[in-house]
Amino acid sequence: MTFDVDLIRKDFPVLGRELPGDRPLIYLDSGNSSQKPTQVIETMRDHLTWHYSNVGRALHALGSESTEAYEAARDKVAAFIGAPSRDEVIFTKNASEGLNLVAYAFQNGTDRFRVGPGDEIVISEMEHHSNIVPWQLLAERTGATLRWFPVTDEGRLDLTDLDELVNERTKIVSVAHQSNVLGTVNSVSPILARARSVGALMMLDASQSVPHQPVDVTELGVDFIAFTGHKMLGPSGIGVLWGRRELLDEMPPFLGGGEMIEAVWMDHSTYAPVPHKFEAGTPPIVEAIGLGAAVDYLNAVGMDAIKAHEKELIQYALDALTEVPTLRVIGPRTAISRGGTVSFTLDGIHPHDVGQILDDVFGIAVRVGHHCARPLHLRFGIPATTRASLYLYNTTAEIDALVRGLHHVQKVFG
Amino acid sequence: MTFDVDLIRKDFPVLGRELPGDRPLIYLDSGNSSQKPTQVIETMRDHLTWHYSNVGRALHALGSESTEAYEAARDKVAAFIGAPSRDEVIFTKNASEGLNLVAYAFQNGTDRFRVGPGDEIVISEMEHHSNIVPWQLLAERTGATLRWFPVTDEGRLDLTDLDELVNERTKIVSVAHQSNVLGTVNSVSPILARARSVGALMMLDASQSVPHQPVDVTELGVDFIAFTGHKMLGPSGIGVLWGRRELLDEMPPFLGGGEMIEAVWMDHSTYAPVPHKFEAGTPPIVEAIGLGAAVDYLNAVGMDAIKAHEKELIQYALDALTEVPTLRVIGPRTAISRGGTVSFTLDGIHPHDVGQILDDVFGIAVRVGHHCARPLHLRFGIPATTRASLYLYNTTAEIDALVRGLHHVQKVFG
Amino acid sequence: MIAESMYQELILEHYKHPQGRGLRDPFDAEVHHVNPTCGDEITMRVKVAGGKVEDVSYEGQGCSISQAAASVLHELATGATVENTMSVVDEFTRLLQGRGQVEPDEEVLGDAVAFAGVAKFPARVKCALLAWMAYKDAVARSV
Amino acid sequence: MIAESMYQELILEHYKHPQGRGLRDPFDAEVHHVNPTCGDEITMRVKVAGGKVEDVSYEGQGCSISQAAASVLHELATGATVENTMSVVDEFTRLLQGRGQVEPDEEVLGDAVAFAGVAKFPARVKCALLAWMAYKDAVARSV
Ligand SMILES: Cc1ncc(COP(=O)(O)O)c(C=O)c1O
Ligand SMILES: Cc1ncc(COP(=O)(O)O)c(C=O)c1O
């Protein structure tokens, strides 16, 4: 399959939608959440209509169909990220749950899964709140210390003090694989090498990388990654935590309930092996199946092709945006080691006003605000930015429309 | 709308499905998970196809459409359970998450939300694992003591020692509103009165009651209830925790991440008011919207009518099952204070064999095993039961088929 | 061309040339309000004497709607009776929360009627209300 | 009429009349295995001497498939060489995990070939394997 954006767009009905007032939709907000191809929607609908039942527990015909489809989705996800074992793929409700699950392990666990006063946790200043707040809560509740990598003016991780920041007291380092604001793709290996040398574990928030580039956990060499279905053409309500088997085995249970147990007595329980140990209660069945269909779709297009397409688009966008007077890009200004997300400010015009006029006048959907990364915005001394985030279905024509839109915004506020 | 089961069945395409080998599907496993009407499936599909975007964060046209649909679902659920305020309705991924959320509050909170050695938590022997394991984990991690109500031979809560079990040391009592095995509907008021008199909080696991009878939290008078979308015609991946506003306000955050914050700095955060405080990360958007459609459907049919229909069915089933030799019902044998769920054993035949033959020969879907209530089975001295659980779309003809099927099973193993 | 109507000339004018901006002494109460969804912030001071609003001073950052709303509030409130301003605040709130279905009372609202278009945009309603809620809070604390 | 084929005469026979049931002394190793999805349990003892299985004794509860599988195992293993039984276990495992696609080697399996139909029912595969996995485990611990 050669990459054909027009063909791809046909799979996403909403991209052909007209908003009230004859505005064709121009969707530049995939970093927030992506649209869904018909293939995903129809897979879910078909399952709900003809094959649905609870998984695991049911032995009847529908139960087997649901269980097989659900577990097949796990196989697909495992293969998609190069997981050594399917049992290392834990379905969560979103990326946030995966990050919290690991953070809670350090509150409830023993030995290397236990932090207290004197222990350190390292994150970075460019994190999404979902990779900040769980660790803040952990630190607060255990007395451990939270530390973080600063960010350079160019929007890259500042590793100058790596050896001081990640040290013998560090239990875990958790950073974004790709920033949802800056677009920066962080280079993992120097941090990982340091973490390994001091015996710390390392987690990646891969929410913005897995949807946009080939990700192989074996190659990455980290201990955990979390990502989320809705940003990769899948439905809401489903996320993934991947972790090394021996670590998952060692971690304490997170949520208790049906399906995560081996045997229960009133006064104690034993737990199922992973992945089920971490999947308490009825899982997001149809959502996992939808995510499986999304993975099939991404594979059919090809993650390399998607990455290449986005690289072209962002190169084009970075060039085109330089024409807009006073526009300041927050993050790398070249298409090197960055993905298809660009955030910017315009002098004297608040992002809310930018977003509203782009939407109302041109049907252009961008995200405005701090994008759940308030500390990063504080670091750049700005309360908010306007963000355009691109995906496989976007085109250079849409970027042209954005630039025209920004000129118009400046006219209104001129 | 008068209750017409034939009309209702038309809304559930799968009920007209033929399984391989010309077996019409007879679905008697709704206590495990219910089927979905076309109205729910199409609502989800339409949203995914034309209106989907992330909620809360996005200001553009699709963002508003998704946010309005998501929040409208909250309004529907709040009205459905008679919640004094929509802000008391928290969307979770399932009932288990809601139960764990409250249990974790007692690990991470302060004052009345804090347990330690000497404090007691009271559950019952008829609980689903999802209302046992979270409290076991809490007790284990804090040193609190877990205690439980026994169950009578008839399958009712044994309240003989109520005053001793629930005492000044009790911090919370959490019991099933309706048992998923016995069908028993527990009477809440004596326990609640005692809990109130000693200053304990009270939670109901309403997973099996909200789908099957009118439930009004104001009338019930308890502090928390948890239930789950997939058992009430909604999709998987969505559940509800309802709690009293002042308690939810007092509880510590559970999962940290996007959308549950007010402001974030690197070293601390402040949190959004409820319900958002407890909805970290991208919520199950389309799933909540699907649940809203399920609530609309249930309202249109009428919860009183559904309850009455199930009462007729269970009366019929209890009578019909007495004809099957050696069949022993576990749970109340009369249709008083019980719902449409019946579990039983057959002498010398393991439930797995019962379930398999019912399914393979007749297309009858029942659940077999301990139904995530192993302690209850231990209490009755049996490893497993066969369970038929009924819902609005079931008929007496289906119960007749079950009885015929059981006779056949006995022939095979005779 | 849907929402440009939201950006009334008057709103843009107040945004570009905010009236009474800056924090001034003396004051009876100071409050700080934040809109967490967008990060808009306002610090507001009121000085009340004998049932009359002597000064409303403020400092803030945010979008044109939130900033213009503060400026318009300053103009309407300064010099008016507290009682009077409270009925304006109530009417303004009613208008903004009316999802575009409420017929505004121009008599009461004066210039603030320019915000009628904002009511159709749920996500922006909080922007318009930020300064006005802060004002209500500040007045309550000043007594 | 799909799965009645799963309930072979031979399986029902072993279920109704289990062979070698009961825990006996002497033994070299005892193990307890549980199938958490259905609660089936088995306690199994083996006595091995000079490379030969002298006794396989067991006690358990569960469905016809799991109980018959234990009974068949007892018959096949008792008196055979350990090595020989291990190849039967391997072939049995291969058959059961083959999702109904594997052609069973009757030569190796003997009576155990009756379980071929179970392989088509993923949820029941664990029932059939319970005793056999327990046996493998017990033998490993006996050396
Ligand atoms: C009584 C009861 N409580 C809790 C649950 C758990 O619900 P879920 O699996 O959706 O979390 C169930 C159903 O499985 C149930 O029947
Ligand atoms: C970098 C990053 N991390 C984490 C998340 C959280 O994902 P979710 O909201 O699905 O939990 C997001 C998206 O919102 C993100 O962009």
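In the text below, chain A, chain B and the rest are named by the order of the sequence lines, each starting its count at 1.
Listed for the N100(A) side chain is no donor-acceptor partner under 3.5 Å among the backbone atoms of L255(B). A donor-acceptor contact shorter than 3.5 Å is absent between the side chain of N54(A) and the backbone of S33(B). Here the side chain of Q35(B) pairs a donor or acceptor atom with the backbone of Y52(A) at under 3.5 angstrom. Judged by distance alone, the side chain of S236(B) and the main-chain N or O of P284(A) form no donor-acceptor pair under 3.5 Å.
Of all the listed residues (G369(B), P134(B), G16(B), S30(B)), the one sharing the greatest number of non-hydrogen pairs under 4.5 Å with chain A is P134(B). Chain A forms the most heavy-atom pairs under 4.5 Å with one residue out of G257(B), A280(B), G229(B), and that residue is G257(B). Of the listed residues (V14(B), I261(B), N108(B), L378(B)), the one with the most heavy-atom contacts under 4.5 Å to chain A is N108(B). Per-residue heavy-atom pair counts under 4.5 Å with chain A were compared for E127(B), H370(B), M260(B), E42(B), and the maximum is reached by E42(B). Residue with the most contacts toward chain A among P253(B), G355(B), A373(B), A95(B): P253(B) (heavy-atom pairs, distance under 4.5 Å). In terms of heavy-atom pairs under 4.5 angstrom with chain B, the leader among G363(A), A263(A), A103(A), A288(A) is A263(A).
Residue Q136(A) touches chain B through its side chain alone, counting heavy-atom pairs closer than 4.5 Å. For I285(A), the parts lying under 4.5 angstrom from a heavy atom of chain B are both the backbone and the side chain. Of the two parts of I123(A), only the side chain, counted from C-beta on, holds a non-hydrogen atom closer than 4.5 Å to a non-hydrogen atom of chain B. If you measure heavy-atom distances from P37(A) to chain B, you find no contacts under 4.5 Å at all. For H371(A), no part lies under 4.5 angstrom from a heavy atom of chain B. For chain B, the nearby part of P283(A) is the backbone; its heavy atoms alone come within less than 4.5 Å. When heavy atoms are compared at a cutoff of 4.5 Å, S34(A) approaches chain B solely by way of its backbone atoms N, CA, C and O. With a threshold of 4.5 angstrom between heavy atoms, L137(A) approaches chain B through side-chain atoms but not through N, CA, C or O. Using a 4.5 Å cut-off between heavy atoms, Y27(A) touches chain B through its side chain atoms alone. For E279(B), no part lies near chain A; criterion is any non-hydrogen pair under 4.5 Å. Within the 4.5 angstrom heavy-atom criterion, only backbone atoms of S124(A) (N, CA, C, O) approach chain B.
Annotation: cation-pi geometry not satisfied between R17(A) and W50(B) (NZ/CZ under 6.0 angstrom from ring centroid, within 45° of ring axis).
In this structure the side chain of L146(A) never reaches within 4.5 angstrom of the side chain of D267(B), judged on heavy atoms. Counting heavy atoms from C-beta on, the side chains of L25(A) and L62(B) come closer than 4.5 Å. Taking the side chain as every heavy atom from C-beta outward, M44(B) and R45(A) never approach each other to under 4.5 Å. S269(A) has its side chain out of reach of H129(B): every pair of non-hydrogen atoms, C-beta onward, lies at least 4.5 Å apart. Here the side chains of H268(B) and E140(A) are not in contact, with every heavy-atom distance at 4.5 Å or above. At least one side-chain heavy atom of I132(B) sits less than 4.5 Å from a side-chain heavy atom of M266(A). No side-chain heavy atom of T228(B) sits less than 4.5 Å from a side-chain heavy atom of T282(A).
Of all heavy-atom pairs between Y104(A) and F254(B), the closest is OH-O, 2.9 Å. Counting all heavy atoms, side chain and backbone alike, R141(A) lies closest to P252(B) at NH2-CB, 3.8 Å. Across every non-hydrogen atom of S130(A) and G258(B), the tightest pair is OG-N, 3.0 Å. Across every non-hydrogen atom of S96(A) and G281(B), the tightest pair is OG-CA, 3.2 Å. Closest approach of G256(A) and V133(B) over heavy atoms only: CA-CG1, 3.7 Å.
Annotation: the span from H60(A) atom NE2 to I364(B) atom CD1 amounts to 12.0 Å, rounded to 0.5 Å. Here the OG1 atom belonging to T49(B) is positioned 3.5 Å from the CD1 atom belonging to I41(A), to the nearest 0.5 angstrom. To the nearest 0.5 Å, the span separating CD on E262(B) from CZ on R374(A) amounts to 9.0 Å. The distance from the CG atom of D29(A) to the OG atom of S53(B) is 5.5 Å, given to the nearest 0.5 Å. Summarising the geometry, atom CG belonging to L59(B) is positioned 4.5 Å from atom NE2 belonging to H352(A); distances are rounded to the nearest 0.5 Å. To the nearest 0.5 Å, the span separating CD on E287(B) from CD1 on I238(A) amounts to 9.0 Å.
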